[in-house]
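Heads up: numbering here begins at 1 and tracks the sequence. Predicted, not measured: the structure shown is a model, and the values here were computed from it. Note that ligands are numbered from 1 as they come in the structure, with each ligand's atoms numbered from 1 the same way.
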Amino acid sequence: MKTFYITTPIYYPSGKYHIGSAYTTCLCDSVKKYKQLQNYDARFLTGNDEHGQKMAEAASDNGRTPQEHVDYMAKLSKELWSTLKIDYDDFIRTTEERHESVVEKIFEKLLANDDIYLGEYSGHYCLSCEAYFTETQLLEGNICPDCGRETKILKEETYFLRLSKYSDRLLKYIEDNPDFIFPESRKNEVVQFVKSGLNDLSVSRTAFDWGVKVKSNPKHVIYVWIDALSNYITSLGYGSSKDDLFQKYWMNGDEVVHVVGKDILRFHAIYWPIMLMALDLPIKFRLFAHGWYMMKDGKMSKSKGNVIYPEQLVEAYGLDAFRYYIVRELSYGHDGEFTPEDYIKRINTDLVNDYANLVSRTISMVNKYFDGTVKNAKHDHDYKKFELELEETSKHIFEQYQQAMDEFKMAEALSEISALVKRTNKLIDDTFPWDLAKDDSKKDVLESVMYHLLESIRLITILYQPFLLETTPKVFEGLNVGEGLRVFTSYKFGEKSVYQVVKKLPHLFPRLDVEKESEKIKVMMESNKPKEEEKRVFDMKSEIEYDDFSKLDLIVGHIDDAKAHPNADKLLVFDVNTGDKVRTIVSGIAKFYKPEDLKNTNVMVVVNLKPVKLRGILSEGMILSAEDKDGNLKVIELNNELEPGDKIS
Ligand code: ME8
């Protein structure tokens with residue numbers, strides 16, 4: 001038996017998982033089931049990424065210790081996966097001893113081989129983004145290109161992984177293995193990035209301690225990505241005394257696929273293969289990088305009230321509808337949009353109108369005309385050509401479906417099945433069974449048509465098995481199809497000789513009212529908004545004296561005019577009347593405002609801040625804004641009765 005090993009990323013359990021994480025997990029689970037139908041020995045790994053500063057912060061935001069927090073979240077995650085009937089073979093947590101002890105060894109091994117070395121990192125660090133930036137990335141005035149705040153020069157002792165040493169080998173590997181990273185566009189992104197030159201990667205931190213400590217120098221904590229990426233092999237027992245799974249699925253395995261979102265492509269396409277090369281292990285995996293589920297108003301975010309949780313959709317519309325929609329709606333490698341209307345329409349069209357309707361019409365006709373029993377009557381008749389056409393279509397669709405599934409084009413695979421459902425429904429339109437039933441001499445023809453409908457439903461249901469977990473067994477049972485005729489090797493017209501169907505199948509998917517049900521989903525999304533009284537936590541700076549505060553000259557300013565910065569997308573340039581004069585102030589808020597949005601408003605200005613040149617324009621002050629939970633900046637607008645130059649204290 002050939003082996004197949006598929007993995008999701010390990011998720012950061014900072015909060016409840018939304019439909020984005022559920023997408024990757026459902027997709028991998030469906031692929032596992034598909035591979036099992038192809039007779040592979042398939043293994044599926046998922047888990048949680050529990051270390052790092054952000055996790056420690058999420059824990060303290062929730063009033064828990066980091067360990068309490070990750071334990072609690074692991075329980076919630078497993079509950080979600082069980083609600084979604086995810087059939088993983090292992091759930092790895094990076095705080096488990098079996099993982100930590102091996103990560104520790106991996107680091108020491110790389111250190112001993114001189115692939116990791118101790119050095120010093122000095123660079124412009126943005127405290128808010130927790131990231132270093134190079135000189136060329138910074139905006140003028142050492143401003144962070146992501147959030148527009150001033151960066152600080154930080155120096156810290158850190159270990160580095162020699163990425164530079166491996167970049168040629170990596171490029172050659174990508175060239176020699178054209179299907180290593182897919183889709184193609186993602187591969188090109190990676191190649192370009194590597195070709196632009198790889199700097200050695202800082203792989204340890206000293207600023208916090210929630211992580212795996214470097215054994216030989218415990219004041220360092222191993223960088224969360226080195227820790228996290230190792231999960232794909234630590235879970236198989238690599239580096240431990242019991243490594244038979246590692247030998248079977250990795251070293252001697254036939255296929256390994258890591259499925260990841262586009263945002264973590266670089267980690268998997270560059271750092272991970274380089275780690276494997278440095279460990280002298282084969283790069284066994286292929287990498288599929290998918291797009292994101294977005295909302296009409298951008299990214300999913302609790303405070304926008306646009307988040308929807310998988311559990312809510314499953315409870316309202318059932319598991320199969322959710323699992324079907326989630327892999328059907330995102331097309332290969334692209335982003336897609338979740339809208340409540342699309343959700344309901346997709347279920348109504350594909351599952352209610354086409355599939356469920358075909359099954360229920362057929363069962364009721366077979367009962368009405370043949371008392372529930374139909375056999376394979378092979379003989380010629382006037383409608384044979386329609387039946388043969390259906391047989392041909394179904395053969396072709398099986399090939400197309402497999403090809404799409406092998407290439408991780410789930411939406412295409414599902415639309416192939418839909419095409420077969422439509423084609424089968426068309427056999428009813430082509431042959432008018434109700435007319436055939438009126439003529440006793442056409443009984444054989446009618447039986448042949450019914451048989452073809454039933455066989456086609458069997459074949460369709462075989463293909464739906466990786467996706468519709470609850471519905472497909474019901475249909476097979478209703479049609480009295482045994483285990484042996486539910487497998488790919490039985491995908492052929494004529495394999496089942498006699499059908500004996502149930503009197504009536506319970507509704508597979510009830511028809512939904514689009515307007516009413518979309519409204520219901522919108523209400524669910526609104527209810528997911530954080531409650532007003534929810535505690536906000538921020539990083540409190542150290543206490544200051546009044547004298548420190550009084551050093552600030554805070555003044556009411558009136559924005560006379562505003563325009564885009566000619567040389568920087570992220571910056572806006574304001575003419576602000578602060579009473580004494582009209583100042584030019586450059587502000588990194590272009591992501592949140594159009595220039596005209598703030599014209600003629602009164603704002604708070606720090607006027608005695610040392611002027612800085614930002615991309616060629618001298619900025620003579622700072623307009624104050626507030627940052628919401630999701631990092632959006634909102635300028636603090638003041639009462640219009642205030643005058644430019646009024647002092648704020
Ligand atoms: O990145 N649509 O964890 P994570 C589709 N711990 N996918 C989405 C999504 C959306 N709206 N939002 C997030 C991490 N994702 C690391 C991984 S692996 C060794 C370590 C996807 O919880 C995202 O693209 O932040 C990523 O693939 C996955 O969820 C986990 O993200």
**Study point:** Pair listing, salt bridge (charged side-chain N to carboxylate O under 4.0 Å, His left out) test, anchored in residues 211-237, at least two apart
**Key:** Glu157-Lys219
Would you tabulate the side-chain donor-acceptor contacts of residues 409-416 under 3.5 Å, counting partners in other chains and residues two or more places apart, or write 'none'?
{"unit_1": "Lys409", "atom_1": "NZ", "unit_2": "Glu407", "atom_2": "OE1", "d": "2.9"}
{"unit_1": "Ser415", "atom_1": "OG", "unit_2": "Glu412", "atom_2": "O", "d": "3.3"}

Check your understanding: Do Trp81 and Asp29 come within less than 4.5 Å of each other through their side chains, counting heavy atoms only?
Key -> no
Practice item. Fit a plane to each ring of Trp210 and His51, take the angle between them on a 0 to 90° scale, and name the class: parallel (under 30°), tilted (30 to 60°) or perpendicular (over 60°). Key: perpendicular
Please produce the table of protein N or O atoms sitting under 3.5 Å from N or O atoms belonging to ligand 1, one pair a line, distance to 0.1 Å.
{"unit_1": "ligand 1", "atom_1": "2 (N)", "unit_2": "Tyr293", "atom_2": "N", "d": "2.9"}
{"unit_1": "ligand 1", "atom_1": "6 (N)", "unit_2": "Ile10", "atom_2": "O", "d": "2.8"}
{"unit_1": "ligand 1", "atom_1": "6 (N)", "unit_2": "Asp49", "atom_2": "OD2", "d": "2.7"}
{"unit_1": "ligand 1", "atom_1": "11 (N)", "unit_2": "Tyr293", "atom_2": "O", "d": "2.9"}
{"unit_1": "ligand 1", "atom_1": "22 (O)", "unit_2": "Tyr12", "atom_2": "N", "d": "2.9"}
{"unit_1": "ligand 1", "atom_1": "24 (O)", "unit_2": "Asp263", "atom_2": "OD1", "d": "2.4"}
{"unit_1": "ligand 1", "atom_1": "24 (O)", "unit_2": "Trp292", "atom_2": "NE1", "d": "3.0"}
{"unit_1": "ligand 1", "atom_1": "27 (O)", "unit_2": "Gly261", "atom_2": "N", "d": "2.8"}

Point to revise | Plane angle bin for Phe180 and Tyr173 - parallel if under 30°, tilted between 30 and 60°, otherwise perpendicular | key: perpendicular
Point to revise | Residue list, side-chain contact (heavy atoms from CB on, under 4.5 Å) with Ala42, at least two apart or on another chain | key: Phe4, Lys32, Lys35, Gln36
